[in-house]
Peer 1: 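The structure under discussion is supplied below as structure tokens; questions concerning it will follow.
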Amino acid sequence: PSSASPQLAPSPDVDSSGSVQLWSDYLNVRLHPKSVYVIRQYMHDGDCGCLEAFGQGESLLQDPRCVEELEDRLHFYVEECDDLQGFQVLCDIHNGFSGVGAKVTELLYDEYSGKGILTWGLTPTVPCLPLLTTGFCFPQDYQKNVYRLMNTALGIVHLSRHSSLFCPMSLSGSLGIR
């Protein structure tokens, strides 16, 4: 008999048929259809690539159709509230979603000025290559790091301008801008 580790069976929660297209397809919690808004041009097979700059995200909400759709979805939930106290916004601030989040918080601030807006700015840990001679840690891709730094700075400034409280969150101590 062999002492090799047992083979792991595929998880029943993971769809291996290839029909998974979005991160939300992996959620065990089913979201209401009005709570998911897919940005088609920035999907994995979209025509614009990835949403990597603050301005790209901000320009998405310059389109009147997009704003109207967002407002319709928002009003659907607001009308269900007996006593709306405020909003919580979770937003990546290291990529183009910082621009999307900035415009969303601006919309909330303009339409619901008396309500609180708690915004969580999320950043990932930054992979880096340690240099043996200096002991410092430098990011692997200089251009991506510049984008990450600019998006984070613009995101913090714009999100805090229209939020009652802005709280940056990261697993690294540097907010992803090391």
Side-chain angles (χ1 to χ4, degrees), residues 8 10-11 13-16 18-31 35-62 66 70 73-74 86-109 116-178:
L8 296 175
S11 170
D13 295 334
V14 177
D15 181 9
S16 59
S19 65
V20 174
Q21 294 183 358
L22 304 170
W23 64 267
S24 59
D25 293 340
Y26 283 109
L27 289 176
N28 289 332
V29 177
R30 294 293 156 217
L31 300 173
S35 65
V36 177
Y37 181 69
V38 178
I39 303 170
R40 299 254 177 243
Q41 62 265 41
Y42 290 104
M43 288 179 59
H44 297 287
D45 57 354
D47 56 352
C48 293
C50 68
L51 189 58
E52 62 184 12
F54 181 90
Q56 287 176 308
E58 206 175 31
S59 68
L60 284 174
L61 285 150
Q62 301 295 337
C66 182
L70 182 65
R73 290 167 185 262
L74 179 63
F87 301 91
Q88 285 195 52
V89 177
L90 281 85
C91 178
D92 288 340
I93 59 173
H94 67 283
N95 57 22
F97 283 102
S98 60
V100 173
K103 292 306 270 184
V104 167
T105 55
E106 183 180 340
L107 174 93
L108 292 172
Y109 182 81
I117 302 171
L118 171 59
T119 305
W120 302 92
L122 311 173
T123 61
T125 58
V126 179
C128 59
L129 296 173
L131 291 177
L132 298 175
T133 57
T134 63
F136 292 109
C137 182
F138 291 99
Q140 295 176 9
D141 186 350
Y142 179 77
Q143 183 177 4
K144 283 186 179 181
N145 192 47
V146 169
Y147 272 123
R148 186 181 302 114
L149 177 61
M150 292 302 298
N151 291 331
T152 302
L154 288 168
I156 289 171
V157 168
H158 288 269
L159 289 166
S160 25
R161 182 179 301 144
H162 296 109
S163 299
S164 307
L165 176 66
F166 174 76
C167 182
M169 277 194 340
S170 178
L171 291 176
S172 73
S174 66
L175 280 179
I177 55 176
R178 181 181 299 250

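Count residues from 1 along the sequence. Owing to the predicted nature of the structure, the values given are computational and were not obtained by experimental measurement.
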Peer 1: Could you tell me the separation between the SG atom of C167 and the CG atom of L159, rounded to the nearest 0.5 Å?
Peer 2: 12.0 Å
Peer 1: Identify, with sequence neighbours excluded, every residue that meets side-chain hydrogen bond (donor to acceptor under 3.5 Å, both in side chains) alongside Q62.
Peer 2: none
Peer 1: Check N151, N95, I93, V157 against F54 for a side chain to side chain contact (heavy atoms under 4.5 Å, CB included) and give me the one that passes.
Peer 2: N151
Peer 1: Between the side chain of S164 and the main-chain N/O of L118, is any donor-acceptor distance below 3.5 Å?
Peer 2: no
Peer 1: Looking at residues at least two apart in the chain, or sitting in another chain, which of them share a salt bridge (Lys or Arg N to Asp or Glu O under 4.0 Å) with R161?
Peer 2: none
Peer 1: Going by the rule side-chain contact (heavy atoms from CB on, under 4.5 Å), which residues pair with V146 if we only count those two or more places apart in sequence or in a different chain?
Peer 2: Y142, M150
Peer 1: Kindly indicate whether the side chain of L61, heavy atoms from C-beta on, has any atom under 4.5 Å from the side chain of V100.
Peer 2: yes
Peer 1: Okay, side chain of T105, backbone of G101: is any donor-acceptor separation there less than 3.5 Å?
Peer 2: yes
Peer 1: If I compare all heavy atoms of Y109 with all of H162, which pair ends up nearest, and what's the gap?
Peer 2: CD2-CD2, 3.6 Å
Peer 1: Mind checking side-chain hydrogen bond (donor to acceptor under 3.5 Å, both in side chains) for S163 and listing every partner two or more places apart, or none if nothing turns up?
Peer 2: T119
Peer 1: Report the residues that fulfil side-chain contact (heavy atoms from CB on, under 4.5 Å) with L107, sequence neighbours left out, ordered by chain and then residue number.
Peer 2: V67, L70, E71, L74, E111
Peer 1: Residues in salt bridge (Lys or Arg N to Asp or Glu O under 4.0 Å) with E106, at least two apart?
Peer 2: K103
Peer 1: What pair of heavy atoms forms the shortest contact from S98 to G155, and how long is it?
Peer 2: CB-CA, 4.0 Å
Peer 1: Roughly how far, to the nearest 0.5 Å, is the CG atom of L60 from the CZ atom of F97?
Peer 2: 8.0 Å
Peer 1: Which atoms form the tightest heavy-atom contact between R73 and S35, and what is the distance?
Peer 2: NH1-N, 4.3 Å
Peer 1: To the nearest 0.5 Å, what is the distance between CD1 on I156 and CZ on F166?
Peer 2: 5.0 Å
Peer 1: How many angstroms lie between atom OH of Y147 and atom OG1 of T152, to the nearest 0.5 angstrom?
Peer 2: 14.0 Å
Peer 1: Would you compute the distance between atom CD of Q88 and atom CG of L165 and round it to the nearest 0.5 angstrom?
Peer 2: 10.0 Å
